[in-house]
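Data block below; observations after.
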Amino acid sequence: MPRLVFRNSGKVVEDINEIKSFLDKYGVLYERWGVDRLPQNLIENYELTEEEQKAIIDAYKEELERLKKEKGYITEDIVVLSEKTPNLENLLEKFKKEHHHVDDEVRFVVHGSGVFPLKLDGEIVEVWIEAGDLIVVPAGTRHWFELDENRKIKCIRVFKTPAGWEAIYDENCKATMKD
Ligand SMILES: CSCCC(=O)C(=O)O
Ligand SMILES: [Fe+2]
Ligand code: NI
């Protein structure tokens, strides 16, 4: 189940609408698209061919086009993190350092799960997501990412330019897309 964990109080929120409305206050988009429309092999395969990646993206064409129209994203790709990922540990080290981006961080989870701790009004709110969940961490929001004990996640990433992904570790560096 997707859930919010408020790190200071330990409070857990699992109601989807409550999750959405809390995150919405901070410009963080959470939607549940589900994965029912995908065949099992595409959901579970972590070594996708180009065609299979395209088939997954095509299955969410409507949602992706809506997001691009609303938010100005341009393209999408698939990212997978699993034991099979070369230098997984180094990647995870990078992802788990608090940072922000000049572009939104848009992840739709096709399979697996993980947590995006977000720094909202100085409090750490952990957003635990899994297959079927969409999250948009807005540009400038301080966050990081960690896998959970399942040690794998496969996401559609939607973005303007890969340059927008560059993690900015210094919270005082307010670089923006225009720079
Ligand atoms: C959920 S994909 C792994 C996390 C990630 O892509 C990132 O932090 O940039
Ligand atoms: Fe990030
Ligand atoms: Ni990131």
Side-chain angles (χ1 to χ4, degrees), residues 1-14 16 18-33 64 67 70-82 85 87-179:
M1 277 298 285
R3 66 184 185 280
L4 298 181
V5 177
F6 290 79
R7 203 170 271 185
N8 297 357
S9 61
K11 181 178 155 205
V12 177
V13 174
E14 288 188 335
I16 299 272
E18 255 188 83
I19 294 174
K20 277 168 81 89
S21 51
F22 173 81
L23 292 176
D24 191 49
K25 286 188 294 193
Y26 297 91
V28 178
L29 180 64
Y30 167 84
E31 293 183 357
R32 183 128 186 91
W33 296 352
L64 295 172
L67 269 190
E70 267 172 31
K71 305 261 189 169
Y73 308 137
I74 295 166
T75 186
E76 65 280 299
D77 69 1
I78 301 250
V79 59
V80 295
L81 295 175
S82 75
T85 305
N87 70 6
L88 178 68
E89 287 319 315
N90 310 37
L91 267 180
L92 293 176
E93 273 313 301
K94 202 168 65 81
F95 289 147
K96 80 177 187 188
K97 286 195 184 74
E98 184 191 306
H99 63 275
H100 65 277
H101 307 279
V102 293
D103 196 355
D104 295 354
E105 181 162 324
V106 186
R107 300 287 183 272
F108 171 69
V109 186
V110 174
H111 187 266
S113 47
V115 56
F116 278 94
L118 309 179
K119 216 172 178 179
L120 303 173
D121 277 348
E123 175 167 21
I124 304 292
V125 180
E126 299 170 359
V127 187
W128 292 78
I129 54 174
E130 59 186 52
D133 289 335
L134 169 84
I135 185 170
V136 175
V137 179
T141 297
R142 298 292 286 171
H143 67 281
W144 62 97
F145 173 80
E146 294 185 55
L147 288 176
D148 57 26
E149 71 283 353
N150 300 317
R151 307 284 298 155
K152 60 183 175 185
I153 194 165
K154 173 166 50 171
C155 295
I156 298 177
R157 289 185 299 205
V158 195
F159 50 96
K160 291 178 185 146
T161 66
W165 285 340
E166 186 220 341
I168 302 166
Y169 297 105
D170 171 1
E171 67 181 321
N172 301 310
C173 171
K174 295 289 177 216
T176 59
M177 257 329 237
K178 292 175 281 304
D179 287 358

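Quick note: residue numbers are just sequence positions, from 1.
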| task | Determine whether Leu118 and Ile124 make a side-chain contact, defined as any pair of heavy atoms from C-beta on separated by less than 4.5 Å. | result | no
| request: Quick one: list whatever passes salt bridge (Lys or Arg N to Asp or Glu O under 4.0 Å) with Asp77, sequence neighbours left out. | output: Arg157
| request: Take Lys119 and Glu171 through the side-chain contact (heavy atoms from CB on, under 4.5 Å) test and state the conclusion after the steps. | output: CA-CA 11 Å; Lys119 216 172 178 179; Glu171 67 181 321; 4.0 Å; yes
| request: Kindly give the heavy-atom pair with the smallest separation between Ile16 and Pro2, and that separation in Å. | output: CD1-CG, 3.7 Å
| Closest non-hydrogen atom pair between Met1 and Glu14, with its separation | CE-O, 3.8 Å
| task | Run the numbers on Thr141 and Leu120 for side-chain contact (heavy atoms from CB on, under 4.5 Å), then give the verdict. | result | CA-CA 8 Å; Thr141 297; Leu120 303 173; 4.2 Å; yes
| Closest contact, heavy atoms only, Asn150 versus Ser113 | ND2-OG, 3.2 Å
| Roughly how far, to the nearest 0.5 Å, is the SG atom of Cys173 from the NE2 atom of His100? | 5.5 Å
| query | Between Thr75 and Val158, does a side-chain contact (heavy atoms from CB on, under 4.5 Å) hold up when you go through it step by step? | reply | CA-CA 6 Å; Thr75 186; Val158 195; over 6 Å; no
| task | Specify whether Tyr169 and His99 have parallel, tilted or perpendicular ring planes, treating 30° as the upper limit for parallel and 60° as the lower limit for perpendicular. | result | perpendicular
| Does a side-chain heavy-atom distance below 4.5 Å link Ile156 with Leu64? | yes
| Taking the side chain as C-beta and beyond, is there a heavy-atom pair between Val102 and Ile168 under 4.5 Å? | yes
| query | Would you find a donor on one side and an acceptor on the other, under 3.5 Å apart, between the side chain of Asp133 and the backbone of Val109? | reply | no
| remark: For Ser9 and Glu123 the tightest heavy-atom approach is N-OE2, 4.0 Å
| field | Polar contact flag, side-chain donor to acceptor under 3.5 angstrom, Glu105-His143 | value | yes
| request: Carefully, step by step, assess Lys20 and Glu31 under the rule salt bridge (Lys or Arg N to Asp or Glu O under 4.0 Å). | output: CA-CA 7 Å; Lys20 277 168 81 89; Glu31 293 183 357; 5.1 Å; no
| Of Asp104, Asp103, Thr161, which meets side-chain hydrogen bond (donor to acceptor under 3.5 Å, both in side chains) against Tyr73? | Asp104
| Is the closest side-chain donor-acceptor distance between Glu130 and Trp128 under 3.5 Å? | no
| message | If you define the side chain from C-beta out and look only at heavy atoms, does anything of Ile153 sit under 4.5 Å from Val110? | response | no
| said: Restricting to non-hydrogen atoms, name the atom on Gly132 and the atom on Arg32 that form the minimum distance, rounded to 0.1 Å. | reply: C-NH1, 3.4 Å
| task | First locate atom CG of Leu29, then atom CG of Leu23, and finally report the distance between them rounded to the nearest 0.5 Å. | result | 9.0 Å
| field | Test ring pair (Phe, Tyr, Trp, His ring centres under 6.0 Å) applied to Phe22 - qualifying residues, sequence neighbours left out | value | Phe6, Tyr26
| message | Apply side-chain contact (heavy atoms from CB on, under 4.5 Å) to residues Ile78 and Lys154 and explain how you reach the verdict. | response | CA-CA 7 Å; Ile78 301 250; Lys154 173 166 50 171; 4.1 Å; yes
| message | Just checking Phe116 against Trp144, ring centres under 6.0 Å apart? | response | no
| request: Check whether any side-chain heavy atom of Leu88 sits under 4.5 Å from a side-chain heavy atom of Leu81, and report yes or no. | output: yes
| said: Testing the basics here: between His101 and Glu166, what is the closest heavy-atom pair and its distance to 0.1 Å? | reply: ND1-O, 3.2 Å
| Would you say the side chain of Val125 lies within less than 4.5 Å of the side chain of Val5, judging by non-hydrogen atoms? | no
| query | How about Ile135 and Val127: do any of their side-chain heavy atoms sit closer than 4.5 Å? | reply | yes
